[in-house]
Novice: 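The following block contains the structure, expressed as structure tokens.
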Amino acid sequence: KRTVNPLADNTPKATNRLPAKLLAMLPRPTFAGAFLVLYLFLTLLPLYWMTSMAFRTNEAILGSFAWFPETLNFANFATIFTDESWYSGYLNSMTYVAMNTVLSVAVALPAAYAFSRYRFLGDKHLFFWLLTNRMTPPAVFLLPFFQLYSTLGLVDTHIAVALAHM
């Protein structure tokens, strides 16, 4: 005769298997999925490598190959934020970014509004000309811009760089 212990837990034990409905919802491994994983790996590898190099000394970088830095070195970051040559580069970059942003918004916003809302004589031709200028290689404009900036006295100025990027 079998006795039943009233204090025993008679609930079914949980298994590690997923129900059939959940299994059907999971994506199946495919060639496209494997390709995307490989693409993601190859895309993120340079970012990882650059970050890994940032935490190494010059001797460790030029020495032997290693996937992970042996010791974390934060001296490179201290150099970037304290060296005068880096500081002036950041200041120049911020100046160019601010000027390009202000000029681009001030010119492009009204122009985009005008092209989208109004019809005027030559609007299609002007829009086509603007698009083809954006598609032209920048080297084509190098000599005309230099001649124009030399005439206006804008060579080696911040505004010349901002205007060239418009």
Novice: Identify whether Val140 and Met135 are in the same connected component of the hydrophobic contact network (ILVMFWY, side-chain heavy atoms under 4.5 Å).
Specialist: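 Unlinked, Val140 and Met135 end up in two clusters.
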Novice: Can any side-chain N or O of Ser88 pair as donor or acceptor with the backbone N or O of Ser85 at less than 3.5 Å?
Specialist: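 Here the side-chain-to-backbone pair exists.
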Novice: Identify the two heavy atoms, one from Thr82 and one from Ala78, that lie closest to each other, and give their separation to 0.1 Å.
Specialist: OG1-O, 2.5 Å
Novice: Which heavy atom of Leu45 sits nearest a heavy atom of Trp67, and at what distance?
Specialist: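 Distance-wise, the nearest heavy atoms are CD1-CZ3, 3.7 Å.
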Novice: Residues two or more places apart in sequence or in another chain: which of them pass salt bridge (Lys or Arg N to Asp or Glu O under 4.0 Å) with Asp83?
Specialist: none
Novice: Check whether any side-chain heavy atom of Leu103 sits under 4.5 Å from a side-chain heavy atom of Ile159, and report yes or no.
Specialist: yes
Novice: How close do Met53 and Asn76 get, heavy atom to heavy atom, and via which atoms?
Specialist: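 Minimum heavy-atom contact is O-ND2, 4.0 Å.
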Novice: Do any N or O atoms from the side chain of Thr43 and from the backbone of Tyr39 form a donor-acceptor pair under 3.5 angstrom?
Specialist: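 Side chain of Thr43 to backbone of Tyr39, a donor-acceptor pair under 3.5 Å: yes, one is there.
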Novice: Just to verify, which of Val161, Val155, Leu154 counts as forming a side-chain contact (heavy atoms from CB on, under 4.5 Å) with Thr157?
Specialist: Leu154
Novice: Roughly how far apart are Leu38 CG and Leu42 CG, rounded to 0.5 Å?
Specialist: 4.5 Å
Novice: Could you tell me whether Phe141 atom CZ has more than 12 heavy atoms of other residues or ligands within 6.0 Å of it?
Specialist: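 It does: Phe141 CZ has more than 12 such atoms within range.
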Novice: Please answer whether the main-chain N or O of Arg119 pairs with a side-chain N or O of Asp123 as donor and acceptor at a distance below 3.5 Å.
Specialist: no
Novice: For Arg56 and Ile61, work out which heavy atoms get closest and say how close.
Specialist: CB-CG1, 3.8 Å
Novice: Any chance the rings of Phe65 and Trp49 have centres within less than 6.0 Å?
Specialist: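 Judged by ring-centre distance (under 6.0 Å), Phe65 and Trp49 do meet the cut-off.
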Novice: What class does the angle between the rings of Phe74 and Phe55 fall in, given that below 30° is parallel, 30 to 60° is tilted and above 60° is perpendicular?
Specialist: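 If you compare the ring of Phe74 with that of Phe55, the planes turn out perpendicular.
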Novice: Hey, does Tyr48 have a side-chain heavy atom less than 4.5 Å from the side chain of Phe68?
Specialist: yes
Novice: Any heavy-atom pair between the side chains of Tyr149 and Asp156 that's under 4.5 Å?
Specialist: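 In short, these two side chains do not touch, never coming nearer than 4.5 Å.
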Novice: More than 12 non-hydrogen atoms from neighbouring residues, nucleotides or ligands closer than 6.0 Å to CZ on Phe128, yes or no?
Specialist: no
